[in-house]
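Inspection log for the structure reproduced underneath, given as structure tokens.
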Amino acid sequence: TAFTQSAWALLATWLILLVSGIVMALPVVLWAVGLVWFPPREVTEALSFAHYWSAWLAALGFVVHLGMRHWVWRQG
């Protein structure tokens, strides 16, 4: 059904959002324990791109989810 497909798409979007955010935080964690490491610029750009757009998709997907599942549209 449309709801099931949108739910899986929303879950995948949230997974991309969370994983990209955690990977982008890795240099900070390493710096806190005394190691200085930064990923290549291409990796940083790809992570930023994925994180930015997945955040917009997650917000849009949340509104779609609410509209399909929790908001009641009354007629008349």
Side-chain angles (χ1 to χ4, degrees):
T1 67
F3 179 76
T4 302
Q5 292 172 348
S6 65
W8 280 109
L10 181 58
L11 183 63
T13 300
W14 275 101
L15 187 63
I16 292 169
L17 181 63
L18 291 173
V19 169
S20 63
I22 290 170
V23 173
M24 286 192 298
L26 186 60
V28 175
V29 173
L30 291 175
W31 179 81
V33 297
L35 299 171
V36 177
W37 173 81
F38 296 99
R41 183 173 181 87
E42 296 80 17
V43 173
T44 303
E45 289 174 352
L47 287 170
S48 297
F49 181 85
H51 193 74
Y52 177 81
W53 287 108
S54 65
W56 281 105
L57 289 173
L60 177 64
F62 181 63
V63 172
V64 169
H65 168 81
L66 289 174
M68 293 176 75
R69 188 69 169 178
H70 299 288
W71 292 336
V72 178
W73 303 101
R74 301 189 196 282
Q75 295 184 9

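The side-chain contact (heavy atoms from CB on, under 4.5 Å) with His51 is formed by just one residue from the set Val23, Val19, Leu17; it is Leu17.
In plain terms, the two heavy atoms of Thr13 and Ala58 that are nearest each other are CG2-N, 3.4 Å. Contact record, Pro39 with Thr44: CG-OG1, 3.6 Å, taken as the closest heavy-atom pair. Listed here is the closest heavy atom pair of Pro27 and Trp37: CB-O, 3.4 Å.
Transitive grouping of hydrophobic side chains (ILVMFWY, heavy atoms separated by less than 4.5 Å) brings Phe62 and Trp71 into a common cluster. Note on Leu11: it does not cluster hydrophobically with Val64, by side-chain heavy-atom contacts below 4.5 Å among ILVMFWY residues. Leu35 and Leu26 end up in the same hydrophobic cluster when Ile, Leu, Val, Met, Phe, Trp and Tyr side chains are linked at under 4.5 Å.
Between Trp53 and Ile16, every side-chain heavy-atom pair lies at or beyond the 4.5 Å cut-off. Residues His65 and Ser6 fail the side-chain proximity criterion, which asks for heavy atoms closer than 4.5 Å.
Using a 30° and 60° split on the angle between ring planes, Tyr52 and Trp56 fall in the perpendicular class, above 60°.
Crowding of Trp8 atom CH2: a count of heavy atoms from other residues, nucleotides or ligands under 6.0 Å not exceeding 12.
In this structure, Ile22 CD1 and Leu18 CG are separated by 6.0 Å, a value rounded to the nearest 0.5 Å.
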